[in-house]
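Remarks on the structure that follows.
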Amino acid sequence: MTSLGSALHMSGRYKELEYWDSRYEEEERLLTGGHEWFGAYRDFAHLVRRELRPRTTGLVLGCGTSSLSAELYKEGVRPLVSIDYSPVCIKEMAQRNAKVPDMSWMVMDARHLHFPDGTFDLIIEKGTLDAMMVDEKDPWRVTQGTITLVDQVLSEVSRVLAPNGCFMSITFSQPHFRSRHYAQPQYGWSVSCDSYGRDFHYFFYAMHKGGQLTSSDLERGRSLHESHVDLEQMPTLLECDDEDFLTNIQI
């Protein structure tokens, strides 16, 4: 979701639908391009391409106004569905791509995916989970509310992911913080991680449906539930828009 420089400021408002509707409306008014968190597609394209197969069907979670959907379409991922919970965003992207066959845009909550089981060969998110986890202050101790929220999304992803399909997640969050969310046996996938980038390192996680978690993955997964904290124990959050994204995105 522009360049990294304009994406590194995040507040709790990143979880609010009104914030994103307002932001997308402003982008449209100013005729600005889409935002690209964690680098342009070319920076991690080699990691995506190794997972692509002929006739790959795809789903983009929290698509925003990023060019990611268009890039995946060029790679041959079709049909391709992109979802976001902002009606303003989806209206804009649907209009931009109205004449593109096998590409659709839907208003949808990632916690409740309106697709049959096993629909997609590839599912990808870039920064969507980070936005959902922005309230967290301590990456080592995650609140139960956030654990539940992420589990709702990942459970739905696992459900609509086809056998042998791949779920890709792109983030700043390092493996010792993020992979424990992915390494839950109920999702039925394996977990691997690569990094890319020069000035900043970003992390590209690939979850393969039908794969097996390693013993170290399972240990990380268990640690998530041993380290959570109750919401009442959390300090009062600062509700300011210039909060540094880097302090939150390690979750």
Thr143 backbone acceptor or donor facing Thr146 side chain under 3.5 Å: no

Residue pair Glu75, Arg49: steps toward the salt bridge (Lys or Arg N to Asp or Glu O under 4.0 Å) verdict: CA-CA 8 Å; Glu75 296 279 16; Arg49 287 170 183 154; 2.6 Å; yes

Aromatic ring proximity Tyr182/Tyr205, centre distance under 6.0 Å: yes

Phe167 and Leu154, any side-chain heavy atoms less than 4.5 Å apart: yes

Within 45° cone and under 6.0 Å: Arg78 NZ/CZ vs Tyr73 ring: yes

Side-chain touch Gln174/Phe203, heavy atoms, less than 4.5 angstrom: yes

Parallel, tilted or perpendicular: ring planes of Phe38 versus Tyr202, cut at 30 and 60 degrees: tilted

Residue list, side chain to side chain donor-acceptor pair (under 3.5 Å) with Asn97, at least two apart or on another chain: none

N/O donor-acceptor pair under 3.5 Å between Thr128 side chain and Leu61 backbone: yes

Within-4.5 Å side-chain heavy-atom neighbours: Ser69 and Leu80: yes

Student check: side-chain heavy atoms of Phe115 and Val81 closer than 4.5 Å: yes

Pairwise side-chain contact, Leu122 with Ile124, heavy-atom cut-off 4.5 Å (strictly under): yes

Ser155: side chain to side chain donor-acceptor pair (under 3.5 Å) partners, not counting sequence neighbours: Asp151

Test item: Leu213 and Val191 side chains (from C-beta on) under 4.5 Å apart, heavy atoms: yes

Donor-acceptor contact below 3.5 Å, side chain Arg159 vs main chain Leu113: yes

Qualifying side chain to side chain donor-acceptor pair (under 3.5 Å) pairs, either residue in residues 188-201, two or more places apart: Arg50-Asp194

Any donor-acceptor pair under 3.5 Å from Arg53 side chain to Glu51 backbone: yes

